[in-house]
4 protein chains.
Amino acid sequence: MAGVNRVILIGNLGADPAELRYMPSGDAVLNVTLATTETWKDRATGEKRERTEWHKIVFIGKTAEIVKQYLHKGSQIYVEGKLRTRKWQTPEGQDRYTTEVVVDSFGTMQMLGGRQEQPSSGSSVPFDEEAHYQGQGRPAGRPQTAPAPAPSSSAPASNYGGSSTYDDDIPF
Amino acid sequence: MAGVNRVILIGNLGADPAELRYMPSGDAVLNVTLATTETWKDRATGEKRERTEWHKIVFIGKTAEIVKQYLHKGSQIYVEGKLRTRKWQTPEGQDRYTTEVVVDSFGTMQMLGGRQEQPSSGSSVPFDEEAHYQGQGRPAGRPQTAPAPAPSSSAPASNYGGSSTYDDDIPF
Amino acid sequence: MAGVNRVILIGNLGADPAELRYMPSGDAVLNVTLATTETWKDRATGEKRERTEWHKIVFIGKTAEIVKQYLHKGSQIYVEGKLRTRKWQTPEGQDRYTTEVVVDSFGTMQMLGGRQEQPSSGSSVPFDEEAHYQGQGRPAGRPQTAPAPAPSSSAPASNYGGSSTYDDDIPF
Amino acid sequence: MAGVNRVILIGNLGADPAELRYMPSGDAVLNVTLATTETWKDRATGEKRERTEWHKIVFIGKTAEIVKQYLHKGSQIYVEGKLRTRKWQTPEGQDRYTTEVVVDSFGTMQMLGGRQEQPSSGSSVPFDEEAHYQGQGRPAGRPQTAPAPAPSSSAPASNYGGSSTYDDDIPF
DNA sequence: TTTT
DNA sequence: TTTT
């Protein structure tokens with residue numbers, strides 16, 4: 001019965017985030033690709049070598065909005081999520097499977113790199129954080145690594161209902 | 001500004017859980033010791049060796065109640081939490097520091113071992129999980145490794161919103 | 001340049017391990033499927049719900065041999081590995097991608113559940129763990145969760161050197 | 001018997017690394033303090049709050065040398081290690097306990113932040129990474145996120161000898 | 001003080 | 001003592 005499904009990645013966005021999509025529940029969804037590079041030295045030749053792995057990341061909820069707003073191609077992030085393999089079909093009706101790392105309210109996203117990221121100019125994120133959060137926030141009295149104007153997100157993107165004052169100020 | 005503080009342990013309880021204590025906020029608090037054992041073979045002698053590390057775990061909120069109710073000396077668990085070092089004083093006024101692994105609503109506890117654990121007989125946990133959960137739970141439509149009758153707990157809905165008297169009240 | 005790619009799972013084997021395969025380097029390779037189940041209570045209906053995720057795990061090296069020898073359908077394990085997406089082609093020449101969790105010498109496998117597992121009867125693993133270990137082990141004086149007679153494996157000393165024909169030889 | 005003891009931190013060095021020390025085995029040892037900061041917004045007051053946790057980190061082996069050479073006060077790093085509580089005595093003979101995060105060859109250290117770190121000027125680390133690595137590195141044929149010119153280190157500092165053909169062909 |  |  002016990003089950004643990006956890007992924008931890010540090011890498012860089014392969015491209016600017018695409019447009020936000022929304023689930024029927026109202027939660028935002030955003031897909032990005034993340035590159036994690038490992039490097040080592042070839043023992044035989046002494047050469048430095050590296051291998052890059054590309055991951056499909058799916059941000060759900062508040063975090064999706066933060067990613068859209070603050071991150072761009074090349075941004076370095078820390079991500080905690082879980083594995084999920086989706087089955088889908090080609091237009092020809094063939095089954096296909098895609099494995100993604102889902103970062104929802106049980107996951108975490110942290111921006112790395114120090115330098116202050118700027119919100120994407122011309123951001124098309126017509127998102128009323130205020131209202132959205134109200135309905136879904138974590139319960140009152142819950143600490144949360146909430147960064148507010150700071151572009152970082154820890155266990156956000158979810159509802160855990162709360163005091164109205166909480167959500168008013170914290171955009172995720 | 002980014003910060004990650006995460007501890008993952010699998011080990012066995014060193015003793016039956018003590019009594020639950022409560023914070024002013026109403027959140028339950030429970031301390032246990034957890035042993036993690038690593039084994040290896042001494043390369044020189046070929047002998048099998050092992051080393052046991054003892055960890056002070058502090059469960060806060062719903063998880064504390066589950067631990068109290070279902071776990072006992074020897075129970076094997078998986079735990080996700082964060083490090084916290086508390087300063088306290090001896091009766092003589094000397095400073096002391098104790099490092100603990102805090103498992104609150106952002107952490108996780110999973111019972112391992114398969115065999116169905118029995119609730120502690122004579123349990124003094126007058127706790128209506130259902131009602132409690134309903135009132136503070138994560139938002140609808142969100143999966144959660146909810147404990148309820150099941151002796152497992154993942155990011156349960158608990159508060160530990162904090163009064164400034166936290167440390168004063170809880171002499172771990 | 002920094003990169004972290006880490007997966008942590010606790011789940012149960014979906015079937016007995018298949019046969020060991022070997023890379024040109026001599027390293028064993030073993031594929032298994034692992035189910036991680038998450039349970040939660042539907043907030044709206046109050047019903048208990050669960051979702052099982054199936055993961056493709058690839059054990060490489062010493063750990064592969066231990067898994068083959070000690071684990072079977074239903075065995076509960078803890079696994080630490082990394083994500084890797086492989087590209088392969090159908091007989092028709094179409095590209096396909098499969099994401100796996102690779103557990104090599106940088107990963108870890110721990111058996112859970114307490115009850116003593118028995119080596120698979122009729123095990124065809126003619127493997128001298130002792131000798132193997134001696135020759136390739138980590139440096140003296142270094143602890144290591146050595147497997148040997150003990151059915152546990154943490155970053156064991158294994159190779160998985162390979163040839164360019166890796167994918168060809170190993171039809172996961 | 002299973003045991004997992006793992007700590008994952010992202011934070012900043014509180015000070016420049018002190019001098020390297022060496023164990024009888026020849027392994028370098030280096031202690032640093034690392035700050036991890038979590039921020040959240042106070043639900044009652046709406047104020048942004050933060051709490052910083054200070055961790056005692058002990059780097060052992062190759063990683064210790066890399067930290068000494070490349071990191072300084074304020075450097076942001078990712079660290080994977082394990083918890084260890086040491087008992088020691090005051091001059092008066094009183095027992096004291098200190099909990100540290102040990103980052104040895106089973107752990108990992110990654111520099112974050114992007115900006116190219118400069119080796120400490122006037123570095124007193126007369127360390128020939130190349131030669132040193134050869135002598136103590138992981139065994140041939142094993143990939144390793146080798147640091148060398150690159151200021152990153154993943155599970156290095158250990159041997160685990162292997163096939164010489166490994167690195168040539170398989171980049172993972 | 002656990003567990004194997 | 002870091003960082004934002």
Side-chain angles (χ1 to χ4, degrees), chain A residues 70 78 110-117 145-154, chain B residues 1-5 9-18 31-41 48-57 71-79 85 112-113 115, chain C residues 70 78 110-118 145-154, chain D residues 1-5 9-18 31-41 48-57 71-79 85 111-113 115:
Chain A
Y70 292 101
Y78 167 90
Q110 294 271 312
M111 291 182 56
L112 302 176
R115 65 185 175 296
Q116 189 61 30
E117 301 273 350
T145 311
S152 124
S153 162
S154 192
Chain B
M1 173 212 53
V4 171
N5 175 356
L9 304 173
I10 292 181
N12 302 279
L13 293 205
D16 288 340
N31 294 60
V32 306
T33 53
L34 189 73
T36 59
T37 301
E38 60 176 329
T39 60
W40 70 97
K41 188 175 283 190
K48 193 179 171 186
R49 300 189 53 187
E50 71 173 42
R51 171 181 159 81
T52 295
E53 190 69 38
W54 287 96
H55 309 270
K56 295 177 187 301
I57 313 291
L71 302 189
H72 48 74
K73 182 175 179 173
S75 293
Q76 185 184 38
I77 58 174
Y78 167 90
V79 144
T85 297
L112 302 176
R115 65 186 176 294
Chain C
Y70 292 100
Y78 168 90
Q110 295 271 311
M111 291 181 55
L112 303 175
R115 66 186 175 294
Q116 189 60 30
E117 300 274 349
Q118 298 302 319
T145 309
S152 121
S153 163
S154 192
Chain D
M1 176 213 51
V4 170
N5 175 356
L9 304 173
I10 292 180
N12 302 278
L13 294 204
D16 287 339
N31 294 62
V32 307
T33 53
L34 189 74
T36 60
T37 301
E38 61 177 328
T39 60
W40 72 96
K41 188 172 283 189
K48 192 178 172 186
R49 299 190 53 186
E50 72 174 39
R51 171 179 159 82
T52 294
E53 191 68 39
W54 287 95
H55 309 271
K56 294 177 187 299
I57 314 290
L71 303 189
H72 47 75
K73 183 175 178 173
S75 292
Q76 184 185 37
I77 58 174
Y78 168 90
V79 145
T85 298
M111 291 182 56
L112 303 175
R115 66 183 174 295

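Both backbone and side-chain heavy atoms feed into the values below; hydrogens, waters and symmetry mates do not. Proteins get letters first, then strands, A, B, ... in listed order; numbering begins at 1 in each.
Put simply, the side chain of D/T52 and the base of F/dT2 share a donor and an acceptor less than 3.5 Å apart.
Closest approach to the B/T33 side chain among E/dT1, E/dT2, F/dT2 is made by E/dT1 (side chain taken as heavy atoms from C-beta onward). Here E/dT1 is the nucleotide among E/dT3, F/dT2, E/dT1 with the atom lying nearest to any side-chain atom of B/A15.
Summarising the geometry, the separation between CH2 on B/W54 and P on E/dT2 is reported as 6 Å, rounded to the nearest angstrom. Atom CG in B/D16 sits roughly 14 Å away from atom P in E/dT1 (whole-Å rounding). Here E/dT3 presents its C1' atom at 11 Å from NZ of B/K48, a figure rounded to the nearest Å. Between A/L112 atom CG and F/dT3 atom P the separation is 16 Å, expressed in whole Å. Here the P atom of nucleotide F/dT2 and the NZ atom of D/K73 are 5 Å apart, to the nearest Å. A straight line from CG of D/L9 to C1' of F/dT3 spans 15 Å, rounded to a whole angstrom. Protein atom CG of B/N12 is 15 Å distant from nucleotide atom P of E/dT1, rounded to whole Å. The distance from atom CZ of D/R51 to atom P of F/dT1 is 17 Å, rounded to the nearest whole Å.
With sequence neighbours excluded, the residues satisfying side-chain contact (heavy atoms from CB on, under 4.5 Å) with D/N31 are D/R21, D/V29, D/V58, D/E100. Applying the salt bridge (charged side-chain N to carboxylate O under 4.0 Å, His left out) criterion to D/E50, with sequence neighbours excluded, gives no partner residue.
Within the nucleic acid shown, B/T36 has no heavy atom closer than 4.0 Å to any nucleic acid atom.
We find the OG1-CD1 distance between B/T37 and B/I10 to be 12.0 Å, quoted to the nearest 0.5 Å.
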Worked check of side-chain hydrogen bond (donor to acceptor under 3.5 Å, both in side chains) between D/T36 and D/H55: CA-CA 8 Å; D/T36 60; D/H55 309 271; 2.8 Å; yes

